[in-house]
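Data block below; observations after.
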Amino acid sequence: MSESETNADIPPYRYTAAKAAEIEPRWQAYWADNGTFNAPNPTGELADPTHPRAGAPKLHVQDMFPYPSGSGLHVGHPLGYIGTDSYTRYKRMAGYNVLHPMGFDAFGLPAEQYAVQTGTHPRTTTEANIERYRGQLRRLGLAYDNRRSFATTDPDYYRWTQWIFLQVFNSWFDPDLRKARPIDDLVAEFEAGTREVPGGRAWSQLPAVERRKVIDGFRLAYVSEAPVNWCPGLGTVLANEEVTPDGRSERGNYPVFQRSLKQWMMRITAYGDRLVDDLDALDWPEPVKLMQRNWIGRSRGAHVDFPTDGDDVISVFTTRPDTLFGATYMVLAPEHTLVDAIVPTTWPAGTNPAWTGGAADPAEAVRTYRAAAAAKTEEERTDAKVKTGVFTGAFATNPVNGAKVPVFIADYVLAGYGTGAIMAVPGHDERDWDFAQTFDLPIVRTIETPEDFDGAYTGDGAVINSEFLNGKGVAEAKAAMIAWLEEKGHGRGATTFRLRDWLFSRQRYWGEPFPIVYDETGLPIALPESMLPVELPEVDDFSPRTFDPDDADSEPETPLSRKKDWVHVELDLGDGLKTYTRETNTMPQWAGSCWYELRYLDPHNEKVLVDPENEAYWMGPQRPGDPGGVDLYVGGVEHAVLHLLYARFWHKVLYDLGHVSSFEPFRKLFNQGYIQAYAFRDARGVIVPAEEVVERDGKYYYGDQEVAREYGKMGKSLKNVVTPDEMSEQYGADTFRVYEMAMGPLDVSRPWDTRAVVGSQRFLQRVWRLVIDEETGAIRVTDTPLDPKTRRALHQTIAGVREDMDELRFNTAIAKLIQLTNTLTPLQATSREAIEPLVLMMSPFAPHLAEELWRKLGHEDTCAYADYPVADPAQLVAESVTYPVQVNGKVRGRVEVAPDTAEDAVRAAALAEVADALAGREPRKVIVVPGRLVSVVV
RNA sequence: GUCCCCGUAGACCAAUCGGCAGAGUCGAUGGACUCAAAAUCCAUUCAGUGUGGGUUCGAAUCCCACCGGGGACACCA
């Protein structure tokens with residue numbers, strides 16, 4: 001049959017996809033033209049004292065902004081956006097001044113890689129992608145303040161990213177105050193002699209270059225020659241957070257090698273304590289906090305010095321100084337710098353042959369072991385069931401009892417953690433126990449261990465075999481030992497972190513240039529603020545130099561270094577015109593997303609990053625002890641460590657330097673779930689288009705052939721992508737929005753099912769029909785008051801929906817709205833008393849439809865600022881309460897009583913009701929749960 | 001291996017302090033409308049809560065063990 005025939009029978013004024021397609025763009029244009037969702041600032045260009053919400057309580061809600069990829073949005077992406085949009089529309093109607101902005105995280109690898117493939121400039125593709133995203137988001141009716149939108153690639157934006165870099169560069173961390181301070185303060189302290197210059201030299205005696213080197217060593221952003229993660233396949237170095245546990249790049253899955261290279265670092269480790277401690281002040285999901293704690297990996301313990309027989313001292317880190325009397329051997333990482341120094345020329349007399357690895361002398365043993373360890377992959381090292389290692393031939397002295405203990409090297413000790421050396425206490429550490437078993441090393445218990453216990457005992461107990469510690473508990477003994485070590489000069493209390501400093505430079509084109517130049521000394525010089533932004537220059541060849549992914553010895557080469565006329569620059573930085581060399585690395589993709597929550601507050605301010613008054617209003621602490629920050633930050637859990645850790649770090653630096661009043665960027669974090677989708681494979685294992693698969697009798701068919709269903713991410717490779725644009729065409733954006741919000745709680749992942757979307761459309765159709773006659777288009781709303789029963793249903797819905805909205809339980813809120821709609825549907829006429837609150841409560845989910853109906857109901861204005869309905873408490877009291885009466889846990893009857901009936905009366909009525917079931921037996925116990933039920937036990 | 005989260009009708013999901021397992025959606029079935037179909041409307045259907053124990057007058061909810069799914073960490077001294 002033809003489509004025209006199909007359409008012919010549809011009532012002319014029904015709410016359909018075609019109707020939605022007419023209504024939706026019209027209201028989107030209205031909102032844009034009227035700046036409906038502009039939020040007023042307290043001060044500056046975006047201040048607006050006449051705005052209906054000026055000076056109202058504020059709410060700052062933000063989504064993790066997207067990277068605008070070339071493939072556009074699929075239906076999974078906007079789930080969180082629709083959630084925050086519904087929430088903020090509700091809060092705006094409830095009286096809040098709502099800030100809900102959206103921007104784009106637009107620097108990064110994919111645009112650059114695409115550019116390399118096609119020869120298009122990354123800016124061209126990035127801008128096209130952003131435009132496409134903007135169109136898709138607009139089409140969903142998302143209520144953003146578009147004046148505040150930006151991309152991290154805008155020079156106006158990255159000017160401030162560079163400015164923050166300069167703040168970090170020009171700061172140092174004062175360990176006494178536990179905060180960042182201007183580098184000038186440090187210089188002043190050196191000059192005044194109030195702070196000792198490292199190495200004990202006199203500041204006034206130091207040559208200028210030496211002074212600069214000293215200062216550079218304190219900066220929070222510094223250049224360091226250190227082992228870094230070099231990824232030849234990507235042609236760039238990577239941060240630790242960007243490398244997977246099996247030693248590959250998170251992006252692209254290329255091998256990553258450890259190379260010593262000169263790179264920019266950020267001293268995030270200085271903030272280790274605060275980054276851990278301040279988690280307690282945040283309203284974040286516990287798993288995310290846990291992941292951050294694990295990543296930072298703070299351990300408290302002590303450094304202990306073990307003198308060797310030569311002049312060297314092996315310093316170890318231990319979290320168990322209380323077990324020092326049980327340290328029966330030591331282990332150095334194979335790469336430890338002291339190894340060569342302590343190795344004697346021959347094996348000591350009586351060396352256990354099992355310790356030598358069969359080598360003729362210690363040097364050979366070490367050489368052989370090192371070679372074997374280097375050849376092993378990370379996986380082989382960690383999966384090894386049996387611990388390996390070799391004796392170095394050297395001994396060290398346990399400072400607490402003078403015992404000579406053998407020193408081993410073994411790859412179970414990591415060079416990169418602590419001091420790269422441990423004291424081994426096999427009695428109370430599982431790894432040391434395993435090693436001691438293999439090498440037949442002595443085991444001394446220093447904590448009382450339960451009888452029959454075999455293995456390393458790591459629990460609490462009384463200290464034994466430890467002279468002055470005997471009888472103490474573990475915690476007490478730790479403190480006592482640290483005090484003893486410090487008094488005797490054998491060690492000191494210490495805290496170490498698993499967290500490493502943040503590797504901040506990348507050898508890419510498509511990133512923020514550093515506002516740094518070098519002079520003839522090769523030392524970095526910050527450009528003055530007046531020279532910002534340092535714009536990314538146009539280059540002929542923006543492709544990075546990549547290499548054979550397995551070529552570990554390749555050297556990074558930055559695309560910008562090829563642009564010689566940009567690299568060499570003549571500047572007057574205070575001592576006349578001189579030639580300088582620019583930094584040619586660029587910043588990592590995380591830089592732009594480290595502070596964007598702040599720029600939304602004051603996006604066009606040319607004087608400061610954000611006006612302090614605007615920052616204090618939108619993000620400042622709301623009460624003593626409150627960290628401040630975004631009121632609700634919604635995004636995927638995949639950013640639990642990387643982005644959220646870096647952003648917290650930068651925010652704390654800005655806080656220390658007095659630029660912001662909040663000490664955390666995101667007060668409340670919410671992880672939305674994912675929308676996944678089914679995919680189908682035929683007998684050959686080839687993916688077939690999911691759209692064309694049909695279900696018959698619980699089996700799935702593509703044409704005639706049966707195909708197997710699997711469940712996974714939505715994506716091109718699985719041929720199961722559904723886009724919001726398709727949904728808008730088939731059903732309208734409102735239907736799509738309602739469906740996404742109704743299909744389950746926001747934080748739960750679930751499968752996409754296009755067929756089920758029709759249910760949401762039917763719901764909207766019913767609401768529409770309550771207001772408009774489908775045949776004539778006439779308004780069928782009357783001013784007749786509601787009957788008492790329906791009125792109570794209305795107010796119960798209002799109360800319930802408000803509660804659900806506040807808790808982000810949109811699925812149950814929508815269920816209640818459907819219920820109310822279904823209550824109103826059978827009524828002869830629609831009462832204004834019910835339909836207006838319903839339309840208003842619908843508007844956060846189906847804003848276009850709500851605006852249209854609101855207008856048809858006779859209102860001139862947008863409903864975005866209409867008062868959200870409030871329940872009348874008097875209407876929430878039920879007329880009567882029905883108590884089920886249980887006898888021995890089974891429902892045997894019901895009694896209906898007035899809501900305020902006294903407990904005794906309920907009890908009596910209940911007992912009378914179930915007299916038959918009791919059959920004369922005497923109730924042993926009668927429990928009355930007010931408002932709930934009566935339970936009789938016989 | 002350790003830790004965390006989750007298992008409720010055919011599917012997605014509700015269930016307040018432990019108090020009658022069902023709010024809502026899809027699907028299926030039947031009916032109304034129609035020459036018929038689609039769309040729409042109305043109605044019906046279906047689980048005793050992954051399994052086994054325990055606590056309790058009462059357990060989807062609390063506790064223990066196991067099974068299944070997802071995630072994080074994985075020699076960090």
Side-chain angles (χ1 to χ4, degrees), chain A residues 1 5-7 9-11 14 16 245 285-288 290-291 294-295 297-299 301 316-320 323 331 379 381-384 387 410-414 416-425 428-432 434-435 496-499 637-638 640-641 674 695 698 711 738-739 742-745 747-763 765-766 769 774 797 800 803 809 811-819 821-822 825-826 882-891 894 923-938:
Chain A
M1 106 189 35
E5 273 172 337
T6 309
N7 290 338
D9 292 345
I10 293 177
R14 173 169 289 178
T16 59
E286 273 312 314
V288 176
L290 190 64
M291 279 188 256
N294 286 343
W295 186 264
R298 176 168 66 185
S299 327
V316 303
F317 175 71
T318 177
T319 56
R320 295 296 302 275
T323 61
V331 185
E379 243 175 329
R381 273 177 75 147
T382 47
D383 280 1
K387 298 241 178 302
D411 62 7
Y412 83 90
V413 171
L414 309 174
Y417 185 76
T419 61
I422 62 157
M423 63 177 212
V425 184
H428 304 287
D429 181 284
E430 280 168 24
R431 298 150 300 182
D432 297 346
D434 293 345
F435 191 83
T496 64
F497 296 92
R498 200 187 86 115
L499 180 71
V637 71
E638 70 272 17
V641 175
Y674 296 97
E695 184 183 353
Y711 185 53
V738 169
Y739 176 66
M743 66 196 286
D747 55 351
V748 171
S749 296
R750 56 227 137 153
W752 177 259
D753 182 11
T754 298
R755 288 181 314 170
V757 179
V758 67
S760 298
Q761 173 124 66
R762 287 181 191 146
F763 166 45
Q765 267 172 358
R766 268 175 278 152
R769 197 150 44 222
E774 288 188 335
T797 303
E803 225 171 273
R809 293 192 302 249
N811 53 328
T812 52
I814 290 172
K816 290 181 175 77
L817 294 174
I818 292 173
Q819 205 173 359
T821 305
N822 293 348
T825 302
T882 303
Y883 283 87
V885 187
Q886 291 183 347
V887 178
N888 286 346
K890 290 210 164 66
V891 178
R894 289 166 201 284
R924 201 151 51 84
K925 203 170 176 184
V926 179
I927 298 150
V928 178
V929 185
R932 282 293 183 178
L933 59 54
V934 182
S935 184
V936 182
V937 188
V938 295

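Residue numbering restarts at 1 for every chain, and letters A, B, ... go by the order of the sequence lines.
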_Distance between P atoms of B:C63 and B:A59 (Å, rounded)_ = 16 Å
*What is the distance, rounded to the nearest whole Å, between atom CD of A:Glu286 and atom P of B:C3?*
17 Å
*Closest to the A:Ile927 side chain: B:C3, B:C57, B:C75?*
B:C57
*Residue A:Arg932, side-chain atoms from C-beta onward, closest of B:A77, B:C26, B:G19*: B:G19
*Spacing of CG belonging to A:Leu414 relative to CZ belonging to A:Arg498, to within rounding of 0.5 Å*: 10.5 Å
*Which one is paired to B:A36, where only Watson-Crick or G-U wobble pairs with both distances under 3.5 angstrom count?*
none
*Nearest-angstrom distance, C1' atom, B:G1 to B:C62*: 29 Å
*Nearest of B:U25, B:U40, B:U16 to any side-chain atom of A:Arg14?*
B:U40
_Whole angstroms only, please: what is the NZ-C1' distance between A:Lys925 and B:G58?_
10 Å
*Rounded to the nearest 0.5 Å, what's the gap from CG on A:Asn294 to CG on A:Leu499? Could you check?*
12.5 Å
*Could you please name the option among B:A23, B:C57, B:U40 that lies closest to any side-chain atom of A:Ser935?*
B:C57
*Check every atom of B:C4, B:C20, B:C26 against the side chain of A:Arg762 and return the nucleotide holding the closest atom.*
B:C26
*Scan every strand shown for a Watson-Crick or G-U wobble partner of B:C62, both distances under 3.5 Å, and answer none if you come up empty.*
B:G54
_Assuming nearest nucleotide by heavy-atom distance, tell me which of A:Arg769 and A:Ser299 is located more 5' along RNA chain B._
A:Arg769
*Using the C1' atom on both, measure B:A11 against B:G18 and round to a whole Å.*
29 Å
*Report which part of the nucleic acid A:Ala815 touches: base, sugar-phosphate, or nothing (heavy-atom distance under 4.0 Å, all strands).*
base
*Name the orientation of the base relative to the sugar in B:C41: syn if the glycosidic angle is within 90° of 0, else anti.*
anti
When you compare the protein's N or O atoms with those of nucleotides 12-14 of chain B, which come within less than 3.5 Å of each other, and at what distance?
from  : atom 1 : to       : atom 2 : distance (Å)
B:C12 : O2'    : A:Met743 : O      : 2.9
B:C13 : OP1    : A:Ser749 : O      : 3.4
B:A14 : OP1    : A:Asn811 : ND2    : 3.4

*Given RNA chain B, 5'-ward residue of the pair A:Arg924 and A:Lys816, judged by closest heavy atom*: A:Lys816
_Beyond-backbone contact of A:Asp429 with A:Thr323, side-chain heavy atoms, under 4.5 angstrom_ = no
_For atom CZ of A:Phe763 and atom C1' of B:A23, their distance in whole Å_ = 13 Å
*What is the nucleic acid contact for A:Thr318, judged by heavy atoms within less than 4.0 Å: base, sugar-phosphate only, or nothing?*
sugar-phosphate
*When rounded to the nearest Å, what value does the distance between C1' atoms of B:A43 and B:G48 take?*
25 Å
*Round to the nearest Å and state the distance from A:Arg766 atom CZ to B:A39 atom P.*
15 Å
*Distance check: side-chain N/O of A:Arg498 vs OP1/OP2 of B:A77, anything under 4.0 Å?*
no
*asked:* For B:G68, give the paired nucleotide (Watson-Crick: N1-N3 plus N6-O4 or O6-N4; G-U: N1-O2 and O6-N3; both under 3.5 Å), or none.
replied: B:C6
*B:A43: pairing nucleotide in any strand, Watson-Crick or G-U under 3.5 angstrom*: B:U29
*Any side-chain heavy atom of A:Asp753 sitting closer than 4.5 Å to one from A:Met743?*
no
_Length of the CZ-P vector between A:Phe435 and B:A77, whole Å_ = 19 Å
*Mind telling me whether B:G48 is syn or anti, cutoff 90° either side of 0?*
syn
*Taking the same atom, P, in B:A39 and in B:A23, what whole-Å distance lies between them?*
27 Å
*In whole Å, what separates the C1' atom of B:G54 from that of B:C13?*
30 Å
*Answer yes or no: is there a side-chain heavy-atom contact under 4.5 Å between A:Thr797 and A:Gln819?*
no
*asked:* Classify the ring geometry of A:Tyr412 against A:Phe435: parallel below 30°, tilted from 30° to 60°, perpendicular beyond 60°.
replied: tilted
*CE of A:Met291 versus P of B:C73: gap in Å, rounded?*
7 Å
_Interatomic distance where CG belongs to A:Leu290 and C1' belongs to B:A72 [whole Å]_ = 8 Å
_Nearest-Å distance once atom P is located in both B:C35 and B:A28_ = 25 Å
*Provide, to the nearest angstrom, the distance between the OH atom belonging to A:Tyr412 and the P atom belonging to B:C75.*
14 Å
*About how many Å separate OG1 of A:Thr821 and CZ of A:Arg762, when rounded to the nearest 0.5 Å?*
15.0 Å
*Does A:Glu430 CD have over 12 foreign heavy atoms under 6.0 Å away?*
no
*Does any non-hydrogen side-chain atom of A:Trp752 lie less than 4.5 Å from one of A:Tyr739?*
yes
*Does OP1 or OP2 of B:G27 have a side-chain N or O of A:Arg755 closer than 4.0 Å?*
no
*Distance, C1' atom - from B:C6 to B:G50, rounded to whole angstrom*: 11 Å
*asked:* Please pick, from B:U16, B:A77, B:U25, the nucleotide with the shortest atom-to-atom distance to any side-chain atom of A:Asn822.
replied: B:U25
*Flag the pair A:Thr825 / A:Arg769 as yes when at least one side-chain heavy-atom distance between them is below 4.5 Å, and no otherwise.*
no
